[in-house]
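Here is the structure we will look at, set down as structure tokens.
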Amino acid sequence: MTIGEGRNYTTDGADGPDWDSGLEDDSTSVMKTVGRQIKAWREAAGLTQAEFGSAIGYGEEMVSKVERGVRVPKPAFLDNADRVLDAGGKLSAMKPDVEEARYPKKVRDLAKLEADAVELGAYGNTVVHGLLQTEEYAVANFCQRQPAYSQDEIERLVSARMARQSIFDRRPAPLLTFVQEEAVLRRPVGGRMVLRRQLEQLLELGKLRHVEIQVMPTATEEHAGLGGSLQVLKLKNGTAVGHNEVQLTSRVISDPKEVQVLEMRYGMIRAQALTPRQSLAFVDKLRGET
């Protein structure tokens, strides 16, 4: 079965169908195992969490979270830990497993598709697209979720969302296009200063040669995206998949006929929105008003 075919599930980690956040999955087990290994090596070396953190360039709180399996260690954390604890490469060798565990199961499929995409197009009508979000905007977004996430869950989801933004640095660079509703860019999620910094990030990303950001004005009379947000990804193997998200459910779409409909709608949405140049000028104007 092709990824996502015949299944509905949350892929962006922003919502779920029940009171359980659903973040306790196989990646959680990996994180806890890595955390226990680091703790065992640290204690064998006779170091406190504070001493160990100071030696590898991280705070005591971060060390505690990594050892408890609630924060994914970055590659530099593992490399420095391996060196300071004289682990002979055993901790550094965990980097591939930790990299995959960075994404909760809910997010992993979408992240893999993004990593394989040569072109990505997305229309959003509720919040700024996850790939465009600043960290503080992402935190504010996840804090809105009801039933509420715990602080550790929020940190993990934000970390995964920020890690997905490595797509901007990939070489060869994929073509990334986004259309955002004007109303989304006016909504002060997290407060006015959070919104202002988010708008500034859009302006910076919009200057990249492989990124185009467009705004759909609220006053427009013709709008092909009234059915909701959508995303289309063209993959290295020449195939395309779609992704759409509604309350409680996100769906990866692989049926060629359905993907074709999404591609057609997205093309119309881009044609009806402001041009990239007009859009950046509009975003700059909104920043001045914020």
Checklist line | SB check Arg270 Glu212 (cutoff 4.0 Å) | finding: yes
Next item on the list: Could you tell me the separation between the CZ atom of Arg265 and the CG atom of Leu262, rounded to the nearest 0.5 Å?
Entry: 6.5 Å
Note to self: Under the criterion side chain to side chain contact (heavy atoms under 4.5 Å, CB included), I'd like the reasoning laid out for Thr177 against Tyr266: C-alpha separation, chi angles, the key distance, then a yes or no.
What the structure shows: CA-CA 10 Å; Thr177 66; Tyr266 185 63; 2.7 Å; yes
Next item on the list: Answer yes or no: is there a side-chain heavy-atom contact under 4.5 Å between Lys234 and Glu263?
Entry: yes
Margin query: To check you understand the geometry: which heavy-atom pair defines the closest contact between Leu233 and Gln231, and what is its length?
Written below: CD1-NE2, 3.8 Å
Check: Taking everything shown except Glu61 itself, do over 12 heavy atoms lie less than 6.0 Å from its CD?
Finding: no
Notebook entry, point to check: Does Glu135 come within less than 4.0 Å of Arg161, counting only side-chain N to carboxylate O?
Noted result: no
Next item on the list: Determine, for Glu67 against Arg36, whether the closest basic-nitrogen to carboxylate-oxygen distance falls under 4.0 angstrom.
Entry: no
Notebook entry, point to check: With side chains defined as the heavy atoms from C-beta onward, is the minimum distance between Glu155 and Val70 less than 4.5 Å?
Noted result: no
Next item on the list: Would you mind reporting whether Ile213 and Ser279 have side-chain heavy atoms less than 4.5 Å apart?
Entry: no
Item checked: Non-hydrogen side-chain atoms of Gln214 and Pro276 separated by less than 4.5 Å -> yes
Item checked: hydrophobic_cluster_shared for Leu120 and Val261, side chain cutoff 4.5 Å -> no
Next item on the list: Considering non-hydrogen atoms only, spot the tightest contact between Asn237 and Thr239 and give its length.
Entry: OD1-OG1, 2.6 Å
Notebook entry, point to check: So do the side chains of Gln49 and Phe52 get within less than 4.5 Å of each other, counting heavy atoms only?
Noted result: no
Check: Step by step, would you call Phe77 with Tyr58 a ring pair (Phe, Tyr, Trp, His ring centres under 6.0 Å)?
Finding: CA-CA 8 Å; Phe77 185 107; Tyr58 289 85; 4.9 Å; yes
Notebook entry, point to check: CD of Glu222: more than 12 outside heavy atoms within 6.0 angstrom?
Noted result: no
Checklist line | Residues, nucleotides or ligands: over 12 heavy atoms within 6.0 Å of Arg277 CZ | finding: no
Next item on the list: Answer yes if the side chains of Ser166 and Arg170 hold a donor-acceptor pair under 3.5 Å, and no otherwise.
Entry: no
Notebook entry, point to check: Is Asp97 close to Val34 at the side-chain level, that is, under 4.5 Å between some pair of heavy atoms?
Noted result: no
Notebook entry, point to check: salt bridge (Lys or Arg N to Asp or Glu O under 4.0 Å) between Glu258 and Arg251: does it pass, once the steps are laid out?
Noted result: CA-CA 12 Å; Glu258 293 187 10; Arg251 180 174 172 232; 3.0 Å; yes
Check: Given Leu78 and Ile38, is the side chain to side chain contact (heavy atoms under 4.5 Å, CB included) satisfied, shown in steps?
Finding: CA-CA 9 Å; Leu78 293 172; Ile38 292 172; 3.9 Å; yes
Note to self: Can you tell me which residue among Asn80, Val98, Leu85, Asp79 is in a side-chain contact (heavy atoms from CB on, under 4.5 Å) with Leu91?
What the structure shows: Leu85
Next item on the list: Taking the side chain as every heavy atom from C-beta outward, state whether Met216 and Gln180 have any atom pair closer than 4.5 Å.
Entry: no
Check: Is there side-chain contact between Ile269 and Leu230, with heavy atoms separated by less than 4.5 Å?
Finding: yes
Margin query: Once rounded to the nearest 0.5 Å, what's the spacing between atom CZ of Arg164 and atom CG of Leu113?
Written below: 10.5 Å
Check: When you check the gap from the basic side-chain N to the acidic O, do Arg71 and Asp152 get nearer than 4.0 Å?
Finding: no
Notebook entry, point to check: If you draw a 6.0 Å radius around CD in Gln260, do more than 12 non-hydrogen atoms from other residues or ligands fall strictly inside?
Noted result: no
Notebook entry, point to check: Linking I/L/V/M/F/W/Y whenever any side-chain heavy atoms sit under 4.5 Å apart, do Leu199 and Leu208 land together?
Noted result: yes
Notebook entry, point to check: With distance as the sole criterion, is a donor-acceptor pair present between the side chains of Gln278 and Thr275 under 3.5 Å?
Noted result: yes
Notebook entry, point to check: Between His223 and Glu181, does any side-chain donor sit less than 3.5 Å from a side-chain acceptor?
Noted result: yes
Note to self: Taking the cut-offs as 6.0 angstrom to the six-membered ring centre and 45 degrees off its axis, would you call Arg145 and Tyr149 a cation-pi pair?
What the structure shows: yes
